[in-house]
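Only one structure is covered here, and it is reproduced in the block below.
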Amino acid sequence: MGPARRSVPRALRLLGGLTVPLLLLLLLCPPAAQGDCGLPPEVPNALPTLKDSDVKSFPQGSTVTYKCNKGFIKVPGRPDSTVCLSSNQWSEVAEFCNRSCDVPPRLRFASLKKSFSKHNYFPEGFIVGYDCRPGYNRDHSLSENITCLPNFTWSKPDEFCKRKSCPSPGNIPNGHISITTDILYGATIYFSCNTGYRLVGATSSFCALGDQGVVWSDPLPECKENSQTTKDKPGVQKSPMVNVPATQSTAVAPRTTTPFHATSPQKERGTASVTERYKNEGAMII
Ligand SMILES: *[C@@H]1O[C@H](CO)[C@@H](O)[C@H](O)[C@H]1NC(C)=O
Ligand SMILES: *[C@@H]1O[C@H](CO)[C@@H](O)[C@H](O)[C@H]1NC(C)=O
Ligand SMILES: *[C@@H]1O[C@H](CO)[C@@H](O)[C@H](O)[C@H]1NC(C)=O
């Protein structure tokens with residue numbers, strides 16, 4: 001480049017491929033001992049990992065490995081070390097650190113495609129895809145991908161998987177099914193019996209994963225007429241609380257004109273459903 005090249009061509013030919021900061025570094029440092037390489041070259045966004053004893057002496061054959069600076073990730077497949085060659089030159093190290101997004105977010109409804117599960121380098125513009133988790137159906141009108149944005153955050157994922165629907169629960173003779181939200185995967189429905197009937201079986205059921213698709217966790221209960229109860233086996237009277245609240249059973253005669261599943265029990269079921277649903281979802285979506 002400058003006139004210096006003509007005056008000392010041989011020395012500069014050795015330095016040919018090296019960066020300006022490295023040239024300065026070499027010029028400022030005391031000359032390396034015979035058979036030494038001198039300080040290892042600078043690599044952008046990386047620092048050599050040096051032991052104290054290394055700092056002054058790099059004999060031929062010695063290897064120096066670099067570590068990416070904070071916020072940078074090693075580009076897979078690129079060498080991250082240099083060797084002092086017999087020519088007393090360090091072998092070339094190409095730039096190998098780059099900025100990267102964090103690992104892609106974990107989604108409630110989808111899991112990262114297997115092909116990305118071992119990645120940790122996600123440069124700007126990198127796209128990763130997801131597969132719907134069991135219990136969810138793909139919505140093909142939406143993208144299953146997210147992209148590493150210029151500010152090294154991930155683009156916001158669409159809700160590209162929708163919860164599968166359990167079959168319609170049907171109905172309970174002399175009873176009632178309360179659907180508090182919907183009948184989709186993770187939802188809980190609640191059962192009750194009309195006044196004068198006793199519930200035998202589960203009081204609720206949730207839409208859970210089956211072998212294929214989603215299924216109800218519990219079958220519908222039976223509502224048995226109370227008058228028959230006394231004739232049944234003695235062990236049957238185990239859950240009177242479920243169909244007759246304490247207030248009604250003490251204060252009101254069994255035969256009342258008000259339908260049993262009226263306002264206040266409904267409210268209680270509502271709150272129970274929210275907590276139970278989250279419990280169920282938390283337990284199932286792991
Ligand atoms: C860093 O990532 C950007 C975006 O993918 C790419 O264009 C650039 O070449 C990468 N730099 C290095 C040193 O690999
Ligand atoms: C998601 O990414 C894959 C792989 O890059 C691509 O083939 C596909 O078309 C993308 N899907 C959408 C909806 O952009
Ligand atoms: C990153 O960029 C996106 C798109 O420009 C923006 O919506 C988001 O708020 C930015 N995030 C941060 C942390 O700056």
Side-chain angles (χ1 to χ4, degrees), residues 1 12 14-26 37-50 54 58 62-85 87 89-165 184-186 213-214 285-286:
M1 297 150 203
L12 273 166
L14 291 177
L15 299 169
L18 303 178
T19 57
V20 172
L22 176 64
L23 264 170
L24 287 175
L25 190 71
L26 291 176
C37 268
L39 286 176
E42 275 195 0
V43 174
N45 308 310
L47 283 176
T49 52
L50 298 175
D54 286 340
F58 298 96
S62 49
T63 299
V64 170
T65 300
Y66 295 79
K67 232 186 132 205
C68 293
N69 294 343
K70 201 163 179 281
F72 289 81
I73 297 284
K74 182 180 176 298
V75 179
R78 293 215 195 135
D80 59 353
S81 60
T82 180
V83 186
C84 178
L85 303 173
S87 55
Q89 272 182 293
W90 291 104
S91 64
E92 214 170 289
V93 208
E95 184 174 348
F96 71 88
C97 298
N98 209 351
R99 286 200 191 274
S100 168
C101 270
D102 273 341
V103 290
R106 188 181 182 284
L107 303 181
R108 178 178 45 85
F109 53 82
S111 52
L112 196 62
K113 280 192 193 294
K114 275 215 176 71
S115 51
F116 301 109
S117 60
K118 296 229 157 65
H119 280 234
N120 75 334
Y121 172 61
F122 306 100
E124 181 188 343
F126 197 91
I127 294 172
V128 295
Y130 288 81
D131 293 315
C132 291
R133 291 185 191 276
Y136 292 82
N137 278 328
R138 178 69 205 285
D139 177 347
H140 289 278
S141 67
L142 298 170
S143 172
E144 78 279 33
N145 295 333
I146 56 170
T147 306
C148 179
L149 299 175
N151 60 9
F152 296 97
T153 64
W154 289 102
S155 63
K156 201 173 171 305
D158 287 329
E159 290 244 341
F160 52 85
C161 305
K162 302 281 187 261
R163 292 191 290 152
K164 288 183 179 171
S165 181
L184 305 178
Y185 176 49
V214 290
I285 306 168
I286 285 174

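One-based numbering, in listed order, for ligands and for the atoms of each. Because only heavy atoms are used, hydrogens play no part in the values below, and waters and symmetry mates are left out as well, while side chains stay in. Residue numbers run from 1 in the order of the sequence given.
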Within-cutoff protein neighbour (heavy atom, under 4.0 Å) for atom 2 (O) of ligand 2 = yes
Protein contact for atom 7 (O) of ligand 1 (heavy atom, distance under 4.0 Å) | no
Just how far is it from atom CD of Glu42 to atom CD of Glu95, taken to the nearest 0.5 Å?
-> 12.0 Å
Interatomic spacing from CD in Gln89 to OG1 in Thr82 - rounded to 0.5 Å | 10.0 Å
Side chains of [X] and [Y] in contact at under 4.5 Å (non-hydrogen atoms):
{"X": "Pro76", "Y": "Phe96", "result": "no"}
{"X": "Phe72", "Y": "Arg99", "result": "yes"}
{"X": "Arg108", "Y": "Glu159", "result": "yes"}
{"X": "Phe126", "Y": "Tyr121", "result": "no"}

Under 4.0 Å from any heavy atom of [X], which atoms of ligand 1 are there?
{"X": "Glu124", "result": "4 (C), 5 (O)"}
{"X": "Glu95", "result": "13 (C)"}
{"X": "Pro123", "result": "2 (O), 5 (O)"}

Ligand 2 to Ser143, heavy atom cutoff 4.0 Å, flagged ligand atoms 12 (C), 13 (C), 14 (O)
For ligand 2, which atoms sit closer than 4.0 Å to a heavy atom of Asn145?
-> 1 (C), 2 (O), 3 (C), 8 (C), 10 (C), 11 (N), 12 (C), 14 (O)
Suppose we measure from [atom] to each protein heavy atom; which comes out shortest, and what is that distance?
{"atom": "atom 13 (C) of ligand 3", "answer": "Thr153 CG2, 3.9 Å"}
{"atom": "atom 4 (C) of ligand 3", "answer": "Leu149 CD1, 3.9 Å"}
{"atom": "atom 11 (N) of ligand 1", "answer": "Asn98 ND2, 2.7 Å"}

More than 12 non-hydrogen atoms from neighbouring residues, nucleotides or ligands closer than 6.0 Å to NZ on Lys67, yes or no?
-> no
Check each atom of ligand 3 against the heavy atoms of Asn151 and keep those under 4.0 Å away; list them by number with element.
-> 1 (C), 2 (O), 3 (C), 8 (C), 10 (C), 11 (N), 12 (C), 14 (O)
Please check if the distance between the ring centroids of Phe152 and Phe122 is under 6.0 Å.
-> no
Determine, using heavy atoms of Arg78 and all atoms of ligand 1, whether some pair is separated by less than 4.0 Å.
-> yes
Heavy-atom proximity to atom 5 (O) of ligand 2 ranks first, among Thr147, Ile146, Ile127, Val128, for Ile127
Over all heavy atoms of both residues, which pair between Ser100 and Ile73 is shortest? Give the atoms and the distance, please.
-> CB-CG1, 3.5 Å
